[in-house]
Structures are given as structure tokens and as C-alpha cells.
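For the single chain, residues carry numbers from 1 onward in sequence order. Computation of the quantities below employed the complete heavy-atom set of this structure, encompassing side-chain atoms and omitting hydrogens, waters and symmetry-equivalent molecules.
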Amino acid sequence: MDTDRNDTASAPEHSGDSGPQPGVSQTSGMSAAPGAQTASRANPDTSSRATPVGESLWTTWKSMAPGTGALWYPVPPRGAFAALGLVIAGDLLIYRGSGGFGYGLFVPIACLLMLWGIGAAPGRLLCLPGLMAALFAVRTAWQAEWYSATAGFFILSALGMRLWGYAPSAPGGIIACFMSMLASPIRAAEFGWTLLGTVRLERLARINALQIVVPVGAGALFFLVFRAANPVLAAWTADGWAWVSNAFSRIENWLPTGTDLVFWCFMALCAATWLCPLRVVGDDPEADAHKPRTAAGPATEGGWAMARNTLMVLIALFAAYLMIDIRYLWIERCLPAGFSYSQYAIDGTIWLTMALALTSLTLGIIFAGQLCFHPRAQYLRAFSTIWVAQNLLIAVFAYQRLAMYVTFNGLTYWRIVGAFGIATVIMGLVFVWLKINRYHSLYWLVRRQMAAFLIMLFALVVFPSDLVSGMVNTRLILKGEMGPAYQVACQPVSAEGLVPLVPLLDADDPVIRAGVASLLRLRLADLRAAAERRPRWTCGEWAHVWALATLTASEARIRDLSPGTEDRAWRVEWFRFDDDAGARPASPELDELKRATAAYSWPGRPAE
């Protein structure tokens, strides 16, 4: 009996290396001892005892591990309580209190629970994923976006890997994250089994029921006698029973629904993914030794000449193009005759960004083989350096075209995305040049370019796009540029983008003043209604609080410019610039505004 119990207890529940191996019997320790089979027959209850659920799940996972190409990080038993804390925090701050404050508070709580559950040193929070989590928490507390939950999931996944001391490359981290998601049900079930194991059911079974039933029954009998003898006690009993009935009716409202259970299961899977990441075998970001120089074979001579001629032709072509841009952007500082801003700026920016991406692809193809180790490869590297320098100058021109169009027609979210996209392509081009000149492998290049993409994507997530767009557009409108007024009106504006519009109440143009006042009056009413409907404080955001306070302080000025009467209904509609008949009353001010910005292709009107 003792032999079976000790053998079962020796199977580690949370060890990633010493657990039961595939194909190894759970009773191998018994079969090794002399007379073990006889003892098993003599004790049928012990030999036929089923393996606990947690151990069977762990055995199943260990049998799967060799085929997955990944290693499982073992979590101490307190990791199950950390997972339970994550589920509770997610229920209170995300599910029942979804909002900026809820997300912003959940992230630091999740970081601390992961740190405690994994048992890592507190200093490990001072890493890149930890800093990203801090910035993300501040951004969501300021204003949450529709993609905040998804971004937070991947950031916490990366933090869980770093807390285990695993610093994966960008591709390895993505693969490990998705593999951890697929394997999370197994670990979540183990967490549940660990929590159930803390309840000592066998102690409850040892308690004699008579030791509880008899004293309670005797006390209840004499209580009923005293209640019948004393009317005061009878009144107290009636009041107490009413209170208990009301309490039970309130408890029914707190019982979980089917949606609650689904969310709890989802949070348990997320907690298992964050606390128990998988490590991709062979993913070592530092293992990127330079390839040794090798002599070029006869087949590379023709390839070298082809690469040289290709680079020379492209350098000459780029030099001619750069002269054209230098003339119009730096010398004459005007558009070519017969071209509009949309044709020259937007189209030019898109295609120049495409040229930068094609440059990276072309250089990667040229230096993918033995040409890196050709005796005259230094000439190819010199040509590639010249070409990369030309591409960097083209990137400057692309930013200049984008700035030109922003000045003409205002800043929007997608133009900010374009600016980040150009920066990403530039970083990729620089990594290609480093790969060529420092003999790095192709996998090194892929890792660096993917890391650059993820970093720029995170920067775009935390960037206050509406706030910056509102500030830039307001400044341009106050300088007399009418094009950005279209973006102020027709683009969706979040709460953080409303406050920068307040200075437009003092604009010189009366149409601008009235239109902005009407827009702010409507948004102020929406902000107040949202604040009244807010069920919990965690549903709020600092941007909403800031916008509500600022617009309330300017409410008198807003109502003076936009009283909201029917004869001024066009002041709300002037921002829309649609040509539907009867959509708004005709007004000479609106026609004057459209003529002032006639270079823009309005909705319903063919582009120039």
C-alpha cells in the first residue's frame, strides 16, 4: 500500500523534464521490486486505482511534446492561484467593467500576478515587453481602441516568455505564442485540478454527522420554544427571515450565466498561455555566426557581372529620378504644371514606398547566394551602398510629399499609418544593407525585419492619432488652410480629438466657427449621455473625462455660436459635403467654402 502511494506521489505534476515519459508504465517502480506483482494481486483496490486527472493530462502532454518541437516551462503550484487571480481580475475589469480604466488597471495587475505565479525576480519586469506593457496600460487608460484587447493579449504573452528568461526572436515568439494557445486547455485543466487538490475532501468525510446534527437540532428546538413564549423574539425572527429571503433573492442575481462561464473559460486559457509559454527548440536569437568566406566557383562569374550591371543601371535610373524631385521639391518648390496635390503627393508617396520595398527585395535576391563571398564582392557592396543612400533620399522625398499633402488637406489616421509604414520600410532597407556588409544570414534578416514591423505596429497602437491629427488640422485651419476642415468634419473623431478643436471657436471664418460649435455641441451631449450610462468607473477613460471637462468649460461659447435652432440646422450639415438634393438647406456660406476648397475631390464629384 505504501509502495503504491509513494510511487504515485513521486510523479511530478509541474516538472517539464522529469515527468512520466511516453511509453513508460506508471507502475514501473512496483514491477522492479521483488514480489510486487503478488502484492498487487493481494491488494486489488490499490492496483486498479485510476491515475489522477492532472497526472493523466500531464502524461498526455509529455507524449505529445517530442512531436511539437517545443519545450514546456513548468509552473509552480502557486501558478494555479495566479491563474485564478487573472480570471477574477478579467471578470471584474474587462468583462463587467470594459473600458479604458479597466484595461489600464488589468495590465499591471496581470503583470504582478504573472511575476508571482512564475516565481521570477522582480527585475525581470524591466525588459522590453515589460516597458511595452506599461506604455500600453497608460494608453488604454487614456483611451482604449477596438484592438486594445488583442494587442494586450500578445504583449502579456511576450512578457510571460521574458519572465521565464526566454528571449525569442520575432518569428519564434509568434510561433511559441500560437503553440501555447493551442496547448493552453491542457495546462488550464491542470490548474483546475491543482485548485481542487487544495480542498481536503477526505477531512470532511471523517467528520461524524451526529456531532453537528444533534447540537443544532437541540438548539433549534429550544429556540422555537422561546420564540413562542416571547412576542419580541417572534418579531425579531420574522424580520430576520425576511432579511434572509431578500439576501437569497439578491444572490440569484449574482449567479453566473452562460456568457459568464464562457468568458471565465476564455480567461483561463489566456492565463495558461501567459503563465505556461512554450519554447521553440532551436530559436536562439544570438546564434547567428557569420558565414565563412568561400571561393567563388566558375558559375558565379556570370552572376557577378549580371549583378554589377543591374546595380549600375538602377543607380543611374535613381539618380535621374532624384534630379526631377530635387527640381520641383527643393528648387522650384511648386507642383508640376497640370498636376493636383492628390496626384503628386498621395500617389507619389505610395509608389515611392513601393520602390523602397522593391529595393530591399532586389538586394536580398542579389546577395542571397555565393556572390557575398566572390573575390570582387566589395565592388557590389560599394554599388549597393550607393543605391541604399539613394533610397534613403527617396524616403526623405516621400515624407516631404506626405507633409505637402497634409498641409493641403489635413492629417488623418491613415496618413499617420503611411508615415509609420515608410519608417518600417526604411528600417528594413537598413537591415538589408547590414546583412550584405556584415555577412549575416537570411534568417537574421527575416528576424530583424519582423521585429522592426512589430515594433512599429506597437508604436502605432500607442500613438495618440486623433489627438495629433486634431492639433495639426486646427493649426492649419487657423493659418487659413481650408482643406483640413473637411477632415475635421467628415473623419470620425474620438474624445481625445475634440479638445484640440476648441480654438477653432475663435477662427476668423464665421462658417468654421459655427460648424465647429455645432459639432462640439452634439459631441458634448454624447459625452454627458455616455457618462450617465456608465455602469462602473472602470468603463471610463481619461480622454473622455478631459474632453467633457474642457467642453463644459466652453459650453457658453459653444451655445452662442450654435444655438441649435432650425434655421441654423445647416451649420451641423455643412461638414458633410454631400451633394444629395434636400439633405440640408442651401446657404451661400457653404457654397463659398466648397469653392475655396475646390481642388479636393468631394464625395459625389469625380476626381480631378
To the nearest 0.5 Å, tell me how far [X] [atom1] sits from [Y] [atom2].
X: L498; Y: R523; atom1: CG; atom2: CZ; value: 4.5 Å
X: L93; Y: R536; atom1: CG; atom2: CZ; value: 9.0 Å
X: W274; Y: M114; atom1: CH2; atom2: CE; value: 7.5 Å
X: I155; Y: L131; atom1: CD1; atom2: CG; value: 11.5 Å

Min side-chain heavy-atom separation F153-T273 under 4.5 Å
yes
Short side-chain to backbone donor-acceptor contact, [X] and [Y], under 3.5 Å:
X: T538; Y: F101; answer: no
X: S469; Y: D466; answer: no
X: S148; Y: A144; answer: no
X: R415; Y: G410; answer: yes
X: T140; Y: A137; answer: yes
X: Y399; Y: A423; answer: yes

Could you work out, with salt bridge (charged side-chain N to carboxylate O under 4.0 Å, His left out) as the rule, every residue matching D91, not counting sequence neighbours?
R96
Apply side-chain contact (heavy atoms from CB on, under 4.5 Å) to A82 and list each qualifying residue two or more places apart in sequence or on a separate chain.
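side-chain contact (heavy atoms from CB on, under 4.5 Å) list for A82, sorted by chain: W116, L275.
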Taking only residues two or more places apart in sequence or in another chain, which ones pass side-chain contact (heavy atoms from CB on, under 4.5 Å) with V472?
V406, L411, V468, L476
Only one of L551, V545, T552 passes side-chain contact (heavy atoms from CB on, under 4.5 Å) with L548; say which it is.
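Of all the options given, the one that passes is T552.
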Which residues satisfy the side chain to side chain donor-acceptor pair (under 3.5 Å) test with [X], sequence neighbours excluded?
X: W142; answer: E496
X: N473; answer: none
X: S360; answer: none
X: R528; answer: E555

[X]: what forms a ring pair (Phe, Tyr, Trp, His ring centres under 6.0 Å) with it, not counting sequence neighbours?
X: F453; answer: none
X: F106; answer: none
X: Y95; answer: F263

According to the salt bridge (charged side-chain N to carboxylate O under 4.0 Å, His left out) rule, which pairs have a member within residues 145-167, sequence neighbours left out?
R139-E145
Give every residue pair that meets the salt bridge (charged side-chain N to carboxylate O under 4.0 Å, His left out) criterion with at least one member in residues 113-130, sequence neighbours excluded.
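Residue pairs with at least one partner in residues 113-130: there are none.
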Could you tell me whether W542 atom CH2 has more than 12 heavy atoms of other residues or ligands within 6.0 Å of it?
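Check fails, neighbour count at 12 or below.
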Count the heavy atoms of every other residue, nucleotide or ligand shown that sit under 6.0 Å from CE of M181, and state whether that count exceeds 12.
yes
If you look at every heavy atom in L460 and F420, which pair is closest and at what distance?
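For L460 and F420, the tightest heavy-atom pair comes out as CD1-CD1, 3.8 Å.
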